[in-house]
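Below is one structure, written out as structure tokens, with a few remarks after it.
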There are 2 protein chains.
Amino acid sequence: MTGTPASPRRRGAARTEELLRVTLDLAAEVGYAGLSIEAVARRAGVGKHTIYRRWPSIAALLLDALSLVWTSDLDYRNAGDVRADLREQFLRSSLALSSPPIGPVYRAVIAEAQADPTLRATLHERFLITVEQSTLDRITRAQRTGELTAEANLEFAAEVLCGTLYYRWLLSTRPIDESAVDGLLDMFMAAYGSSNQN
Amino acid sequence: MTGTPASPRRRGAARTEELLRVTLDLAAEVGYAGLSIEAVARRAGVGKHTIYRRWPSIAALLLDALSLVWTSDLDYRNAGDVRADLREQFLRSSLALSSPPIGPVYRAVIAEAQADPTLRATLHERFLITVEQSTLDRITRAQRTGELTAEANLEFAAEVLCGTLYYRWLLSTRPIDESAVDGLLDMFMAAYGSSNQN
DNA sequence: CCCGATCGGCACGGTGCGTGCCGATGGGCA
DNA sequence: TGCCCATCGGCACGCACCGTGCCGATCGGG
């Protein structure tokens, strides 16, 4: 969705990236409430047209800004056993979700998406599917190594794992702390962990 | 006076209830996008002050409107086995979440809550805690009857069950259909169902 | 029966949205 | 090198909604 690499871009591409960074800075400073196109334009010293030429709405801009900081933190380590890897990844994710700029930007996009099914589909496709998939990859490996039972429906399991964390982040006042992650993993391992361990 | 059929100027509590019903009607007709204080006032033929005297924000109004239609559908049946009861309740809830007026109003409140931690706490306390608690009650009964293992941490389990449904409703494009509920219950029963069957 | 609380209606300044129109600018191409 | 025009910053517009203030009408309890 960002610049087309085929035709030689003029100064536009540089402006685009600069605008994304300004958006992230703005989110980190003033948070959710200040995330408007007017605010980004004002802060960047830019006409609103320059933004509207690139993104059709504030939500589209925020989606791209999110992509910029959505780094490889998503990749699960494959170091310890599956439970330890999941635990580490969930705690790391919860930290990202509760910190600027990801926290405010992500929350803003999710809120916008409640009013716009198309945006909801895009959000799901670009981020949530990715999150679920990386979780699914990790537990699929665990199933192949015998850490998880062969009968487990891992697709649903991945959705349950991710969904529970998002639920707590979005709708609960409780933090995603170690006890929450452990409780979730207790249930997951009780359901699908191989029983051949001691 | 305008051509509206004689609705005698009501006051106090009567006005309050009428405004809540107008809000629900509005939500059912125009959905999320049309839920503003101005719109409610316009539709009710009411000065904005009349609304602001009762609720400090559109979110507060929507919360009360939600309470009006948040009926005893929450109560679980205690008819069949625990899995059947959960299944029925989850499917019934998903129907409510996807229908007006509950769907649009609930979505609007959740979106507003993303920008307001205080509202998020209120929302959690008034609705989500209630949902989790009724689920917890049902599975606690099942644990006492021996349908679920004694070691299960049912508080986390209730959060996982509800959270997964909310996650799919808010952030996914997939519907909460029978296969989703079955998949979720498969995992839950695999984790905590008693193994003394057959 | 009357006084005061509540009402509907209107208007205000403020903010953000999305668009239209300027004149300036600077990079690609002849 | 120098021209041309897409892109730029800036400004303004109409619209919508917010939250507040004021007015005169209206209803109802004392």
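Residue numbering restarts at 1 for every chain, and letters A, B, ... go by the order of the sequence lines.
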CZ of A:R54 versus C1' of C:dG18: gap in Å, rounded?
-> 17 Å
Rounded to the nearest angstrom, tell me the gap between atom CG in B:L61 and atom P in D:dG19.
-> 12 Å
Take the protein atom CG of A:D116 and the nucleotide atom C1' of C:dC17, then report the distance between them rounded to whole Å.
-> 15 Å
Out of D:dC8, D:dC18, C:dC7, whichever nucleotide has its closest atom nearest the side chain of A:T50 | D:dC8
Whole-Å gap separating C1' (C:dG18) and CZ (A:R53) = 14 Å
Take atom CD of B:E18 and atom P of C:dC7, then tell me their distance rounded to the nearest Å.
-> 11 Å
Is the closest side-chain heavy-atom distance between B:L171 and A:L170 below 4.5 Å?
-> yes
Which whole-number value in Å describes the distance from A:R43 CZ to D:dG9 C1'?
-> 18 Å
For B:R138, which residues count as a salt bridge (charged side-chain N to carboxylate O under 4.0 Å, His left out) partner, sequence neighbours excluded?
-> B:D85
Could you state the atom-to-atom distance from OH of B:Y52 to C1' of C:dT6 in whole Å?
-> 18 Å
Kindly list each side-chain donor-acceptor pair under 3.5 angstrom involving residues 30-39 of chain A, sequence neighbours excluded, with atom names and distances?
from  : atom 1 : to    : atom 2 : distance (Å)
A:S36 : OG     : A:A39 : N      : 3.1
A:E38 : OE2    : A:K48 : NZ     : 2.8

Check: protein-nucleotides 10-17 of chain D nitrogen or oxygen pairs below 3.5 Å:
from   : atom 1 : to    : atom 2 : distance (Å)
D:dC17 : OP2    : B:R42 : NH2    : 3.0

What is the distance from CH2 of B:W55 to C1' of D:dT20, rounded to the nearest Å?
-> 19 Å
Salt-bridge contact A:D64-A:R126 (side-chain N to carboxylate O under 4.0 Å) | yes
Does B:E18 come within less than 4.0 Å of B:R21, counting only side-chain N to carboxylate O?
-> no
Is the closest basic N to carboxylate O distance between A:R87 and A:E178 below 4.0 Å?
-> yes
